[in-house]
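Everything below concerns the one structure shown next.
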Amino acid sequence: MKTLRTTSENPDFQNLVKQLDSYLAMMDGEEHAFYHQYNKIDLLKNCVVIFDNDEAVACGAIKELDTKSMEVKRMFTLPEKRGKGLASAILRELETWFKELGYEKTVLETGKKQVEAVALYNKCGYKIIPNYGQYIGVDNSVCFEKILD
């Protein structure tokens, strides 16, 4: 396994995000258009891709939310590669990057229907918080926070 820090201009990252968007369109149904508008990748400067034998198999990104916080975005692992700790590895790498950049906490949003994602964030020490920003009042959204030590 190889981990690469990159930007959203990376074609492997872009390909994984296309697969993520297809997966989410299926999972979110009619709500997909609402979420999709907040998931543009054209300006992401901090992306991580994991490769298995030169194949891009998992990704994630962070973007600044405010001067102390970053938001986790675009987490995805190919379905056939799930259950091998790749998503946890992506989160660990992103958290290391947050700290290097001087941020104090990270937040994220996922859908309640994304049962595996909710379990991942709980397992990795993220705590549920009230929905923030555009997710306030959105019943399908669950938001998380993790204070970095």
Side-chain angles (χ1 to χ4, degrees), residues 1-28 32-129 131-135 141-149:
M1 296 286 174
K2 177 182 128 188
T3 302
L4 172 70
R5 288 184 181 185
T6 187
T7 70
S8 59
E9 294 177 1
N10 179 287
D12 292 309
F13 177 78
Q14 291 174 359
N15 182 47
L16 286 168
V17 168
K18 285 179 188 170
Q19 293 180 68
L20 168 63
D21 286 338
S22 295
Y23 172 77
L24 291 176
M26 181 183 63
M27 292 295 290
D28 293 335
H32 183 69
F34 169 79
Y35 292 107
H36 189 68
Q37 68 181 322
Y38 300 112
N39 288 320
K40 306 289 186 236
I41 65 166
D42 56 338
L43 299 175
L44 295 175
K45 298 175 188 168
N46 307 95
C47 304
V48 172
V49 179
I50 290 182
F51 294 86
D52 183 9
N53 294 323
D54 296 325
E55 176 191 14
V57 296
C59 68
I62 50 176
K63 74 173 193 176
E64 184 177 82
L65 193 62
D66 58 45
T67 58
K68 295 183 180 187
S69 307
M70 294 205 76
E71 184 177 28
V72 174
K73 303 294 290 180
R74 314 314 286 156
M75 290 286 297
F76 181 69
T77 301
L78 293 176
E80 65 272 17
K81 299 292 184 176
R82 293 181 183 163
K84 299 178 182 195
L86 298 176
S88 296
I90 291 279
L91 274 178
R92 281 191 304 276
E93 183 66 22
L94 291 172
E95 290 169 5
T96 298
W97 210 349
F98 299 151
K99 292 177 197 176
E100 290 170 6
L101 294 170
Y103 291 90
E104 297 174 7
K105 72 175 181 175
T106 180
V107 298
L108 62 88
E109 179 276 341
T110 194
K112 290 179 182 175
K113 296 175 188 173
Q114 314 303 325
V115 177
E116 297 92 348
V118 171
L120 168 72
Y121 300 129
N122 280 319
K123 178 183 88 170
C124 291
Y126 286 73
K127 304 295 181 206
I128 293 176
I129 59 170
N131 288 6
Y132 61 89
Q134 64 267 23
Y135 307 111
S141 289
V142 59
C143 295
F144 290 86
E145 171 184 87
K146 184 173 184 180
I147 307 298
L148 305 172
D149 7 331

Item checked: side-chain contact (heavy atoms from CB on, under 4.5 Å) between T6 and D12, intermediate numbers included -> CA-CA 10 Å; T6 187; D12 292 309; over 6 Å; no
Checklist line | Under 3.5 Å: donor-acceptor pair, side chain of E104, backbone of I147 | finding: no
Check: So, do E55 and L78 sit near enough that their side-chain heavy atoms are less than 4.5 Å apart?
Finding: yes
Checklist line | Shortest non-hydrogen separation from V49 to L16 and the atoms involved | finding: CG1-CD1, 4.1 Å
Checklist line | Heavy-atom check, side chain of T110 versus side chain of V142, under 4.5 Å | finding: yes
Margin query: Which residue in the set K81, K2, K84 passes side chain to side chain donor-acceptor pair (under 3.5 Å) when paired with D52?
Written below: K81
Margin query: Is there a side-chain contact between E145 and K127 in this structure, where contact means two heavy atoms from C-beta onward sitting under 4.5 Å apart?
Written below: no
Note to self: Which heavy atom of C59 sits nearest to which heavy atom of V17, and what is that distance?
What the structure shows: SG-CG2, 4.4 Å
Checklist line | Heavy-atom pair of closest approach, residues M70 and E64 | finding: CE-N, 3.4 Å
Notebook entry, point to check: Less than 4.5 Å apart, any side-chain heavy atom of T106 and any of L91?
Noted result: no
Note to self: Run the ring pair (Phe, Tyr, Trp, His ring centres under 6.0 Å) test against F144 and tell me which residues pass, sequence neighbours left out.
What the structure shows: Y121
Notebook entry, point to check: For F51, which residues count as a ring pair (Phe, Tyr, Trp, His ring centres under 6.0 Å) partner, sequence neighbours excluded?
Noted result: none
Item checked: Over all atoms of both residues, closest heavy-atom pair of S69 and K105 -> OG-CE, 2.9 Å
Check: Can you check whether P11's main-chain N or O pairs, donor with acceptor, with N15's side chain at less than 3.5 Å?
Finding: no
Item checked: Electrostatic pair E95:K146 at N-O distance under 4.0 angstrom -> yes
Notebook entry, point to check: Does any non-hydrogen side-chain atom of N46 lie less than 4.5 Å from one of L94?
Noted result: no
